[in-house]
> 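Questions regarding the structure given below will be posed in turn.
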Amino acid sequence: MEITVTRAGMLTTVQDLGRAGHRAAGVPLSGAMDPLALRIVNLLVGNPENAAALEFTLRGPELEFSAETIIAVGGGEFGAVPLWQPVTVPAGGRLALGAVRTGCRGYLAIAGGFAVAPVLGSRSTFLRAAIGGHEGRALRDGDVLHAPTVARHVVGRWHIDERILPAYSPAPVARVVHGAQAEEFGAAFFTEAFSVSPKSDRMGVRLMGPSLARAGMAELISSTVVPGTVQVPPDGRPIILMADAQTIGGYPQIAHVISVDLPLVAQLKPGDTVRFHEVTLAEAHELLLACERRLGMLHEGLAQKLR
Amino acid sequence: MTLSPLGDSAVVAALGTGLDDLALPRVRALVEALGRDLPVGVVDVVPAFASVTLFYEPARIGSYAQLCAAIEVLAARADASVLTFESRMVEIPVCYGGELGSDLTVVAAQRGLTEARVVELHSGAHYLVHAVGFAPGFAYLGGLPEKIHTPRRATPRTSVPAGSVGIGGEQTGVYPLTTPGGWNLIGRTPLRLFDVTRAEPALLRFGDQVKFRAIGAEEFAAWK
């Protein structure tokens, strides 16, 4: 079946869970900024968690579907359809996702997943190198996407237990683990609130607020980074590295946002604020395992509700 | 070897400090050992400078302590002295100066050298790939002669063409993609440093030896 993008929205890309396995060649992970939202909307339409879905930012796309199918929308709230539940779209159906109401990024999964060719094992779009997704770029008005025609039906009316979702907020507390150069900075990182700069993108969420002065002046050798790494460049304004971040960075690392809280950061829009709270590595792993257990239960429960 | 966590989904095995050529065989030996016997849950292995970073899925490793123990065992078994891995020599043709390397004059003037001497020094040196990262296919090269170390431009260019060869401080390298950049551009290579249609997309990998070879504008234009 065909999905016509009548209006592309502000920044709409095809994403999955990213391109792990190629970091030694300098290829960023990429994939969804809010991986949890992408996994859930995929499960809601009966897809594997890693199927290709749409990620849209601040203003969503308008789409037209050539055949009946099932979709699910989650992440930030964009109107048009209820969040976090499978929705049957009729043949010829149109969907106009408007401006974001809460959060920053929305995800739309379609039964069978969007059919784009994998590049280096992933269907995610990496804009800077123009690879993956739909022609390596953001969607434009008039693009036509494809998805397999899948005979799948939603049984009954229901929605997911929202306790599975992160505590999305325009002023969240993001939990972090220790960074290698944490001792070289004062306490301001943990006591003050930071606001999100409009210069943020899929590479990094740039923060404004108190400038963080570094005590150590030793020249650092560049080192590896992960999505979630909080770097402090010489201007003292921290940057939270995100999905499309480079694999190696040269700035001091004050902390790393833990995996379960990355979705909170992904849903921040310019002007929102964030605070940081330190936890141990063991706590970060326990939180992640608990999240994985809840997703596993969702997966099992859904098997009864999609035919 | 010291192991330290990098966030909650990676661990860094440090085998030396900084741009330590002596650590290179040990890093490669550990990467080889990991290639033969990858601990469960590890999804990516990245050698960089004197370290190896292992990216993992926390739900699949048992515990962080178990993963570290597995790495310790592999590192103890990895013997740098019996490495079978041959360090590759990769030659990169470069058309120096002119429109393709408009900062060659800047480097020459700042270091009090002729342009020809800068080219001779840059193409005469042996380089070693200490890491690939920052951008896809970008290699951090060690070995730039001190005589042509040149500070970065005060104002970075908003767009540097792919293939540009630059000097930034004590580093030299090739821009794999057209990106913004602050290095002094001294030439350009017709080779593609990163190409997803190749079986191995990045031209350079950790541990490679690199030499630059000066070519003329005709050879640059004729390169397929």
Side-chain angles (χ1 to χ4, degrees), chain A residues 18-29 119-120 126 128-132 136 175-180 219-230 241 246-250 253 255-262 279-289 291-293 295-296, chain B residues 4-12 14 17-20 31 42-65 130-140 162 169-171 176-179 193-197 200-206:
Chain A
R19 201 164 267 119
H22 300 277
R23 275 179 271 221
V27 181
L29 180 62
V119 175
L120 302 178
F126 175 40
R128 217 153 20 103
I131 61 171
R175 287 163 293 187
V176 299
V177 288
H178 186 263
E219 184 81 14
L220 289 178
I221 294 288
S222 296
S223 58
T224 40
V225 296
V226 288
T229 295
V230 187
L241 298 180
Q246 68 276 18
T247 54
I248 291 179
Q253 301 174 3
H256 309 269
V257 175
I258 66 175
S259 299
V260 291
D261 283 354
L262 272 180
V279 297
T280 65
L281 181 61
E283 285 169 316
H285 284 166
E286 275 167 31
L287 290 162
L288 189 79
L289 292 181
C291 177
E292 293 297 326
R293 277 195 296 274
L295 268 174
Chain B
S4 4
L6 175 73
D8 63 3
S9 60
V11 53
V12 181
T17 50
L19 295 167
D20 179 359
V31 170
V42 173
V43 294
D44 227 337
V45 174
V46 182
F49 306 104
S51 73
V52 181
T53 304
L54 293 87
F55 293 80
Y56 60 83
E57 291 178 359
R60 293 177 51 215
I61 57 165
S63 71
Y64 179 75
H130 286 281
V132 176
F134 177 65
F138 177 83
Y140 290 82
E170 57 192 53
Q171 291 196 81
L177 307 172
T178 299
T179 51
L193 274 285
F194 184 77
D195 181 351
V196 289
T197 65
E200 191 176 342
L203 178 71
L204 299 176
R205 54 166 108 110
F206 180 87

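Below, chains carry the letters A, B, ... as their sequence lines are ordered, and counting in each starts from 1. The structure displayed is predicted, hence computed values, not measured ones.
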> Counting heavy-atom pairs under 4.5 Å to chain A, which of B/S63, B/G7, B/P5 comes out on top?
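The residue among B/S63, B/G7, B/P5 with the greatest pair count is B/G7.
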> Looking at B/G133 and A/T247, what are the two nearest heavy atoms and their distance?
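Minimum heavy-atom contact is CA-OG1, 3.3 Å.
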> What part of B/A59 is in contact with chain A, defined as an atom under 4.5 angstrom from a non-hydrogen atom: side chain, backbone, both or neither?
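Looking at B/A59, backbone and side chain both touch chain A.
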> Could you tell me which of A/S222, A/G228, A/G249 has the largest number of non-hydrogen atom pairs under 4.5 Å with chain B?
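When all of A/S222, A/G228, A/G249 are compared, A/S222 has the most.
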> Could you have a look at A/V257, A/T229, A/V225 and say which one has the most heavy-atom pairs with chain B under 4.5 angstrom?
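Looking at each option in turn, the highest pair count goes to A/V225.
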> Take B/E200 and B/R205 through the test salt bridge (Lys or Arg N to Asp or Glu O under 4.0 Å) and record every step on the way to the result.
CA-CA 10 Å; B/E200 191 176 342; B/R205 54 166 108 110; 2.9 Å; yes
> Which bit of B/P201 comes within less than 4.5 Å of chain A, counting heavy atoms only: side chain, backbone, both or neither?
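The side chain, not the backbone.
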> Please identify each residue that fulfils ring-ring contact (aromatic ring centres under 6.0 Å, His included) with B/F138, with sequence neighbours left out.
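Here the qualifying residues are B/F134, B/Y140, B/W183.
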> Under 4.5 Å heavy-atom distance to chain B, tell me which part of A/L288 shows up: side chain, backbone, both or neither.
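Interface part for A/L288: side chain.
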> Closer than 3.5 angstrom, by distance alone: can the side chain of A/H256 be matched with the main-chain N or O of B/D8 as a donor-acceptor pair?
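No; zero donor-acceptor contacts below 3.5 Å.
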> Look at the side chain of A/H22 and the backbone N and O of A/L120, then say whether any donor-acceptor pair between them is shorter than 3.5 Å.
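Indeed, once roles are kept as given, a pair shorter than 3.5 Å links the two residues.
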> For A/P28, is it the side chain, the backbone, both or neither that has a heavy atom under 4.5 Å from a heavy atom of chain B?
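It is the side chain, since no backbone atom gets that close.
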> Distance-only, no hydrogens or angles: does the A/R128 side chain make a donor-acceptor pair with backbone N or O of B/P136 under 3.5 Å?
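Flag not set: sc A/R128 to bb B/P136 has no pair under 3.5 Å.
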> How far apart are the closest heavy atoms of B/A131 and A/I248, and which atoms are they?
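Closest pair (atom of B/A131, atom of A/I248, distance): CB-CD1, 3.8 Å.
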> What's the separation between atom OG1 in A/T224 and atom CG in B/L54, rounded to the nearest 0.5 Å?
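One gets 9.5 Å once the value is rounded to the nearest 0.5 Å.
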> Using non-hydrogen atoms only, which part of B/V31 is less than 4.5 Å away from chain A: side chain, backbone, both, or neither?
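Contact with chain A is absent: no heavy atom of B/V31 under 4.5 Å.
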> B/L6 versus chain A, heavy atoms under 4.5 Å apart: side chain, backbone, both or neither?
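Backbone plus side chain of B/L6, per the 4.5 Å heavy-atom cut-off to chain A.
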> Counting heavy-atom pairs under 4.5 Å to chain B, which of A/L281, A/L289, A/V177 comes out on top?
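Most heavy-atom pairs under 4.5 Å with chain B: A/L281.
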> Sort A/H178 into side chain, backbone, both or neither according to what part of it lies under 4.5 angstrom from a heavy atom of chain B.
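Nothing of A/H178, per the 4.5 Å heavy-atom cut-off to chain B.
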